[in-house]
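Have a look at the structure below, then the notes.
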Amino acid sequence: MLVVGLTGGIASGKSSVSRLLAAQRIPIIDADVIAREVVAPGAPGLTKIIREFGGDVLQPNGTLDRLKLGQIIFSDEVKRRKLNAIVHPAVRKEMFWRVVRLWMKGEKMCVVDVPLLIEAGLWKFVGKVVVVYCSRELQLQRLMSRDKFSREDALSRLNAQMSLADKLDYADQVVDNSGSMHDLEQQVNSLIARFNKEAGWSWRLSWLIPPIGLMFGGFRLAWRQIKRARRRAKRRNRPQEGGDAR
């Protein structure tokens, strides 16, 4: 099974790409959904967050006040790392088991939708990385329009994240979300066709004979490391702002 990692940045349009993929019956494992589940009332993750950040991060009904917690961590790198240390391990564990269940069902491919795919190092464990890209200024304008932020607040949130331009270094495929929804749909359809072709017939063999699947997976991950090292070397020799990955 081909496991595709989908990532982007705030207001880049990653969620739109994820919805378009789901509409084409591509199984989606959404890290944001899982992240909400692991901090639901009664979950061990929420108990750890309260212990670390205090009861003020709860709403009156006992659920996590994500907006208030977000305001705390966006301006404090140390606190953001502490939150990630609580949430990320639980999310990774659940994502792993969902991938396994999809493989056992005989799915040809699945997409793991992870905002912090690069930052958390999860890109190393997927077969392909897709980055949803737009210019920083367009990202800023969308964020201000969508969430009614001032320019200063929007910049603060952008600066708290790894830039989309830097994420391109890890990408196997780039979806440029600078145009219309029609343009985006065409790119997503092309992406699905490409991945279906790359998955070929080997996914059935990998499903029927697990050791072969493990061998193919190990080879794919090793080849990814080599390709990324080459891309980084090229970027150091010829810096550029962005573009499609090769």
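In this text the structure is predicted, and so the values were computed from the model without any measurement.
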Is [Y] close to [X] at the side-chain level, that is, under 4.5 Å between some pair of heavy atoms?
| X | Y | result |
| --- | --- | --- |
| Tyr133 | Val175 | no |
| Val114 | Met95 | yes |
| Leu64 | Val57 | yes |
| Ile29 | Val99 | yes |

Query raised in the report: How does the hydrophobic cluster around Leu143 look, that is, which other residues are in it when side-chain heavy atoms under 4.5 Å mark a link?
Result: Ile10, Leu140, Met144, Phe149, Leu155, Leu158
With no hydrogens and no angle check, is any side-chain donor or acceptor of [X] less than 3.5 Å from a backbone partner on [Y]?
| X | Y | value |
| --- | --- | --- |
| Thr7 | Pro115 | yes |
| Lys108 | Leu2 | no |
| Gln187 | Asp176 | yes |
| Asn196 | Ile192 | yes |

How far apart are the closest heavy atoms of [X] and [Y], and which atoms are they?
| X | Y | result |
| --- | --- | --- |
| Val131 | Ala171 | CG2-CB, 3.6 Å |
| Val132 | Leu164 | O-CD2, 3.7 Å |
| Leu6 | Leu117 | N-CD2, 4.4 Å |
| Asp32 | Asp30 | N-OD1, 2.8 Å |
| Arg142 | Cys134 | NH1-SG, 3.7 Å |
| Cys110 | Met1 | SG-CE, 3.8 Å |

Rounded to the nearest 0.5 Å, how far apart are [atom1] of [X] and [atom2] of [Y]?
| X | Y | atom1 | atom2 | value |
| --- | --- | --- | --- | --- |
| Lys79 | Ile72 | NZ | CD1 | 6.0 Å |
| Asp153 | Gln71 | CG | CD | 9.0 Å |
| Gln59 | Arg66 | CD | CZ | 10.5 Å |
| Lys167 | Trp123 | NZ | CH2 | 14.0 Å |
| Asp65 | Thr63 | CG | OG1 | 7.5 Å |
| Glu185 | Ser190 | CD | OG | 12.0 Å |

Query - Residues that Arg151 engages under salt bridge (charged side-chain N to carboxylate O under 4.0 Å, His left out), provided they are two or more places apart - result: Glu137
Hey, quick one: are [X] and [Y] part of the same hydrophobic cluster, counting side-chain heavy atoms closer than 4.5 Å, chains of contacts allowed?
| X | Y | value |
| --- | --- | --- |
| Leu83 | Met162 | yes |
| Val100 | Leu102 | yes |
| Phe125 | Leu116 | no |
| Leu191 | Met181 | yes |
| Leu138 | Leu184 | no |

Sequence neighbours left out, cut at 3.5 Å: what donor-acceptor pairs do the side chains of residues 37-56 make with other protein atoms?
from  : atom 1 : to    : atom 2 : distance (Å)
Glu37 : OE1    : Arg98 : NH2    : 2.7
Glu52 : OE2    : Lys82 : NZ     : 3.4

Side chains of residues 16-26: which donor-acceptor partners sit under 3.5 Å, not counting sequence neighbours?
from  : atom 1 : to     : atom 2 : distance (Å)
Ser16 : OG     : Arg19  : NH2    : 3.3
Ser18 : OG     : Asp113 : OD2    : 3.1

Query raised in the report: Can you name the side-chain contact (heavy atoms from CB on, under 4.5 Å) partners of Ser163, sequence neighbours left out?
Result: Ala165, Asp166
Report task. Using the salt bridge (Lys or Arg N to Asp or Glu O under 4.0 Å) rule, collect all pairs that involve residues 68-78, keeping only residues at least two apart or in two chains. Result -> Glu77-Arg80, Glu77-Arg81
**Report entry** Arg194 atom CZ, over 12 foreign heavy atoms within 6.0 Å
**Finding:** no
Report task. Compute whether any side-chain donor of one residue and acceptor of the other, for Asn159 and Ser156, lie under 3.5 angstrom apart. Result -> no
